[in-house]
Structures are given as structure tokens and as C-alpha cells.
Amino acid sequence: CKQPPTNMAGLLLEALPRVARGRHLVASNVAAWVRCAHTWNWREGHASGTSASTSSTAPPLVRGSPYRTHLCSEVQPGLVGESVTLSGWLEQVDSLSSNLMFGRLADTYGQAQLIADAAVQWGNPPNSLADIPVESVVQVSGVVVARPRDKVREDRTAHPMEACPSVEVRVKHVEVLSKARRLPFAVSRTGGSGKGSKGSKSGKGGKRAQGEVKESLRLRHRHLELRREALQHNMRLRSAAAALTRSYLADEHGFVEVETPTLYRHTPGGASEFLVPTQERGRFYALVQSPQQLKQLLMVGGLDRYFQIARCYRDEGGRGDRQPEFTQIDLEMAFASREQVQDLMEGLVCRLWRRFFGVELAQPFARLSYREAMDRFGVDKPDTRFGLELVHVTDDLYSCGVGQWRPQEEDEEKEGQREPGQEAQRRAGQEGQHGTGPSAPTLTGVGINLGPVGEHFSRARLKQLQEQARTLGAGQTAASATVVPVKIRDDGSWTGPFGGGKPNDAQLAARNRVAAAMQAGPGDVLVLAAGPSDAALGLAGRMRSHCLQTLQDLGAASHIPVSSDDHFLWVEDFPLFEPSEVPGHDYQSTHHPFTAPHPDDGALLKTNPLEVRAQHYDLVLNGVEVGGGSVRIHDPDMQEYVLRDLLNEDPEEFSQLLEALGHGAPPHAGIALGFDRLVMVMCGAKSLREVIAFPKTFAGRDLMAHSPSAVTDDRLATYHIAVLDDDGDPCAD
């Protein structure tokens, strides 16, 4: 970090007493936070081990503790000759003889080397370090001594969390505070990322090194996984980021933190909700998907500026960046514009990056319209750290004789030859490209030039790339897009996994125009995608990231600059509606039904809803959507029209909001930042499970607590619920 940890601690020391007020944090807790800030290196993710390490005065974190006078990380040369008491987990024991043993003790902040001889006094059995199981919690007292110079490797580059190589604690007294039973796997504190690192098997208790353990087993024993330095770092960064966010919003910008209900009512549309039964027959709560309606009600109530770090719940399938319960930085502002919300969020993000990484982000962040993001990158959350932008070659691509692609006019000539059902299916796949409107082209052809990497792509590898594209496109409609990778030979001809026979002169000319438009030459590899507009762009966008990873794996990406800086950008002007996938509904909200239409598109709301742009904005970081917000509808008549006439929803389901809007609602706007996702990117983690203390699996299960779990029939009867089998009969179990 450009800012030393001591400066960070001073800033936290300044902020935390304000945070403590109203939250009943005792003084020792605040002191612990400050101690963490002094000893933690946010950039590298470990304790620095330098603060107060040469002083015999007990730091605030351990002062008054009956179990320790110092932290393990403080056992440094400056303490030589002084008595210390340490407590922690016994990591490793090596026996030189029955009367001389070396051990390593670890706590949250580091490690200390121990040396024990026959003179050690034992507070309780066993009476030998070698007989204490690995990961047992012990308290040791002794004197810090310098190791013999011939035992110290001067060229050794120690991990900052590892024991100081030049000193050790000559143990005088040992007491086992908690004896560990046999462990399901070895704990490696200084191991790397998500899958862990291979740890030592010395001592008793460890079965397998962490890197060899399946994630399911590590989630089952999450308490052991949390001892890893990487997860400790993630939890600390998350905690400090939350404290900074509260200080920034409440102290600097006048926001009021309000805790809104978690138990709310079911509302139609949107994501699936978790229902909570009550003892009143047929009555259920719903866990909030977000505090959206509640924060709008706060604006009507005159709070002007609201925020909370909110817990939210969605009953959806898991994936790498989603959990059934998650946290978001939620805020709302009255009398605010889109630009004000964006400026506020940019200030918060810049403060986080400056505080934790010493990086000054450039403001304002880049802005792209939804249409531009889709046209250039194929996704609405583009990663702009690298190029490989899409090139539009629709007309020529459909004329080059590749695969099943053919000119649209030729396709139209054959419409009369199709059966009515086939034609209806074809048109269904071409219509309803959200946000494109009827004036947009029915079909789209785009390409990505991977550059001069032809030597790495045999015909078999090109075929493999095409198969991977099919996998990425799985789940699309029947009228999905297709991808064809081609390699340009030295004579300008194309080779790849496509049919069509020998091209005629017109097709050769079209291929030459495609290559020219993509600035491609001999030896270049092109990834071409065509189909209905959104399907083709979306598949090409997914292939863009996949191709970069493929080239990097092949060692063939040196010609593609990839920025090491974090790239933030705003994506704006999303379509307000898209065609609904629900029978009986013509439209569905792209964001949510409370988003206001663009002021220039208000007249289209009743004539062509699919052409209406939304005052919706997403914050994207390195290809990850970390937040989304919008200007809200504050006119009750417009809100009722959107719900009833466009979305075919019963306004009575939203009566509390509609009534409030009719009592004088100020214009308001807001945003929600996915706190889990933001911390995930800040930590360089690959999954949300790496930044949440007790996460769920992809299937939404808590393997540690065996949740969700079955309950007895008596408990179900309390809530007037019965579990039925597939035939509708009560389950026997």
C-alpha cells in the first residue's frame, strides 16, 4: 500500500468511535479493530508483524488477558531476553530427541517457533509436545532467545505470517487449553487461495493436505477452513470496507442508516422468494429480495437520504457469483438525479481503493449505453481491460457461404416452402430482441479477430473451439446463434469446421470483405457468430472472454494487451421492458417495475413499450456487475399503469407503495451495490464463497449445519403445513 498500515489505523481509529456509538461496541472491540489495522497488510493479505514488535508493553489486543502477553507475530529480535506468554494452535512438532523438541505455535496474526526440553513444567497431561495433537489450543510461557547463527538461514525469504527465523521461545510452562481430535484434513494457514495449499502432515491429527480436499469437505468443516490466512484476510477486508462505507455515507454525506424488515410480504414478479409460514393458517411472510419498496417508502416519509448494509434473499439456483442470502450496500436519495447517485458511488469506490490499495482511480468513470456495450462487447457488463471487440459484418457474413448461413433475401425466398409451424418457429426466434425494436436488423453477424495465432489452431482445435461455443450457447431458444471459427491461410482462403463446399466468386469476395473489415490477414484466426441479434451478440460476448483465456492457456496471448488496472464503468439506458417469457404477459421489466422511463421516451410508453429506455444504470468492474440502480417512478398514475396495463400485475399487490406515492412523493433515485461481489473482486477471489464466512453450496445447502433440514410433523402442524409426495398424498417419512 502507498499508505502505511499505521496511517490506516489512525483513520480507522478516527472513524470507529463514531461507528461504535449506537452499536454498543465495547472499548476492547474498537481497540481490536485498531490493532488489526496496525498489523494487517491489505495489499498482500497478511499481518505485517512489525507494529509494537520490539516493545515489551502488551498491546491493547492482549492487555489484561489471562492467556497471553504477546501475539505470536510479536516474537521478534527486540524481545530477546524477555518473558512472554503465548496462546494459539500447535501447528507442528519435530523431535530431535526425547528431551529436545521444536514446535510451531500459531495465532490469528502469525507464528512463533518453540523449543522445549526436559525442564518444561506441564500444567496438565500430556507431558510432551510430541503427544499433543496438531491444532490443539495451548498456552506456553517462556523466554525469547536468539537462535544460534549457524541455525539461521540468512537467504531465507520467510512468509510474513511465518515465525521469525532468528528467534524462538524457550518454553518454561505448557498448558493444553483444548485438545484437538483427529482432523478431517490438515490445516495450512499460509496456503493460497480457494482450494487451499498442501500443508504439513507432521504431528498427529491431519489426514490430508488442504489442496487435496474437495470443497464439499472443506465447507462441511468450515471452522477449519476459516483458519487459513487467505480467508482471514478476506473477512478482515470485508469488515473494514463495511466500516469505511458507514463512515463515508453517514458522517460525510448525511445518510441515515435504517434497518428495514426482513420479513415482508410476497410480491409478484422478480426473483423467486423464500416463503416463511406463520401460525395463522394460510398466511406467509416472504424474505425480502431487496428493500426496494421499503426504501421508496422512506423517501415518501421524508428521510431524504437512507442507507443500510442489507441482508437479502432469493430462492434461485446458485452459481459462482450468487448465493441464496447475500449482502448489498443499499441506498436511496430524494430529489436526486442519476448523475448524483453515480458521483456518490464513484466517491465511495475511490475511497475504498485509495484506503486499501493505495490506488487513485480516475473520475468520472467511463460510461457506455446498453446498446453500445452490446454492439462492441456482446454483454451488458463488459470487461474493458482488453480488446477483442466485436466487428459487425452482417451482410457479408451471410453471403460468404459458411455453414448454414445464407443471405436474408435467399432465406425469404424459401419462406413459402416452409410448413406454417416451421415458419412460426423461425419468426418467434427472430422477434422480441429486447431493446432493439422493430427497426433493428432481424439477424446479426459479428466476428472477433484473435490475431496471428493460426499456428496454435489446427483444424481439430478449431473444431474444439466450436464445440465450446455450443456449450456456452446452451439453453438459448430454438433460433439460437451459431459460431464458426476460421483460420486464414497464406493464400487468403479460409479453413475451419464449416461446410458449404467450394466457394464461388461472390462468396470469395464476401469473405475478403469480412477479412478486410476485421483487419485480418494470413495466419489470423477469426471467431464468427451469426443468428438473431441478441443471441448472436450474447454468444460472441461470451466467446470473447473464453477466447482470451484459451489464448493465455496456449501461451499465445502476448499480442493482446490486458490492463492490470481495475476498470470501472457505468452502463446506462437499458431497455425498460423486454418480451415476457410468462404466458399471458406481453412484457416484463428489465430491471424492476419501479424504474422510471427515460424522459425522452415517455410518449412511447403507451405506443411502443419495447422502444422505451430506462433510467437504469449498472456499475461494472472488470466484467462483473457490482451494482445497479435507477431513478424511480414517483407518479402513482404512471406506476399503476406500468403494473396493470404493461406488466399485467394486480395493483392491489403493491397497494402500500401506490398509496404512499399518492400522498406526495419526491422524485428519488437509488442504487444497490452487491457487497459480496465487490469484496470478491477486491480480494481477487474466484467465488463468493471465499468472502462469506459461512456460505451455501451451488444447491443452496449449508453442509456444515446440514441445512435445510427436515422438521417433525408436529412442527409442521403448528404452521398448518403438510408435506406431500408426487401423488399428492402425505409423505410417510
Side-chain angles (χ1 to χ4, degrees), residues 1 3-10 12-13 28 31-92 94 100-117 119-120 129 138-175 189-190 229 232-233 236:
C1 293
Q3 287 184 310
T6 51
N7 289 354
M8 186 192 307
L12 281 177
L13 180 62
S28 61
W33 275 72
V34 177
R35 177 63 192 167
C36 293
H38 272 294
T39 62
W40 205 262
N41 183 323
W42 298 108
R43 169 67 73 181
E44 302 297 335
H46 54 70
S48 64
T50 57
S51 178
S53 61
T54 59
S55 171
S56 61
T57 304
L61 190 64
V62 299
R63 184 179 295 132
S65 170
Y67 297 104
R68 57 187 181 184
T69 60
H70 293 77
L71 305 174
C72 289
S73 61
E74 294 178 309
V75 179
Q76 301 288 329
L79 289 180
V80 170
E82 297 196 26
S83 297
V84 296
T85 298
L86 309 174
S87 290
W89 290 267
L90 188 64
E91 278 197 326
Q92 181 178 340
D94 295 316
L100 184 62
M101 299 180 186
F102 291 94
R104 189 171 65 235
L105 190 69
D107 60 17
T108 301
Y109 306 99
Q111 300 171 341
Q113 186 74 25
L114 310 177
I115 181 171
D117 54 27
V120 173
L129 283 181
V138 300
Q139 180 187 51
V140 300
S141 298
V143 177
V144 179
V145 298
R147 298 190 69 192
R149 293 188 61 86
D150 61 337
K151 302 296 183 181
V152 179
R153 287 181 52 185
E154 299 293 342
D155 60 340
R156 178 175 178 269
T157 303
H159 187 284
M161 288 288 286
E162 292 181 355
C164 177
S166 61
V167 295
E168 56 196 7
V169 176
R170 184 171 294 278
V171 178
K172 300 294 185 182
H173 181 272
V174 176
E175 182 165 353
R189 284 177 174 77
T190 57
E229 176 200 354
Q232 293 265 329
H233 163 257
R236 292 178 185 281

Apply the test side-chain contact (heavy atoms from CB on, under 4.5 Å) to residues Glu91 and Gln111: give CA-CA distance (whole Å), side-chain angles for both, the deciding distance (0.1 Å), then the verdict.
CA-CA 9 Å; Glu91 278 197 326; Gln111 300 171 341; 2.8 Å; yes

Rounded distance [0.5 Å steps], OG in Ser65 versus CD in Gln139:
8.0 Å

If you define the side chain from C-beta out and look only at heavy atoms, does anything of Val138 sit under 4.5 Å from Leu105?
yes

Can you tell if the side chain of Ser83 reaches within under 4.5 Å of the side chain of Ser141, non-hydrogen atoms only?
no

Contact check, side chains of Glu168 and Ile115, non-hydrogen atoms, under 4.5 Å
yes

Would you call Asp94 and Arg104 a salt bridge, taking side-chain N to carboxylate O under 4.0 Å as the test?
no

Quick one: do Arg189 and Glu229 make a salt bridge, cutoff under 4.0 Å?
no

Under the criterion side chain to side chain contact (heavy atoms under 4.5 Å, CB included), which of Leu90, Leu114, Val140 is the partner of Val174?
Val140

Donor-acceptor pair, side chain of Gln113 and main chain of Arg147, under 3.5 angstrom
no

Is any side-chain heavy atom of Leu86 closer than 4.5 Å to a side-chain heavy atom of Val169?
yes

Correct closest heavy-atom pair for Ser87 and Arg68 would be N-CB, 4.0 Å

First locate atom CH2 of Trp89, then atom OG1 of Thr108, and finally report the distance between them rounded to the nearest 0.5 Å.
5.0 Å

Any Val120 side-chain heavy atom under 4.5 Å of His173 side chain:
no

Does Leu71 offer a backbone N or O that forms a donor-acceptor pair with the side chain of Glu74 under 3.5 Å?
yes

Heavy-atom pair with the smallest gap, counting every atom of Cys72 and Gly110:
CB-O, 3.6 Å

Quick one about Thr69 and Thr85 (side-chain donor to acceptor, distance below 3.5 Å, no hydrogens or angles considered), yes or no?
no

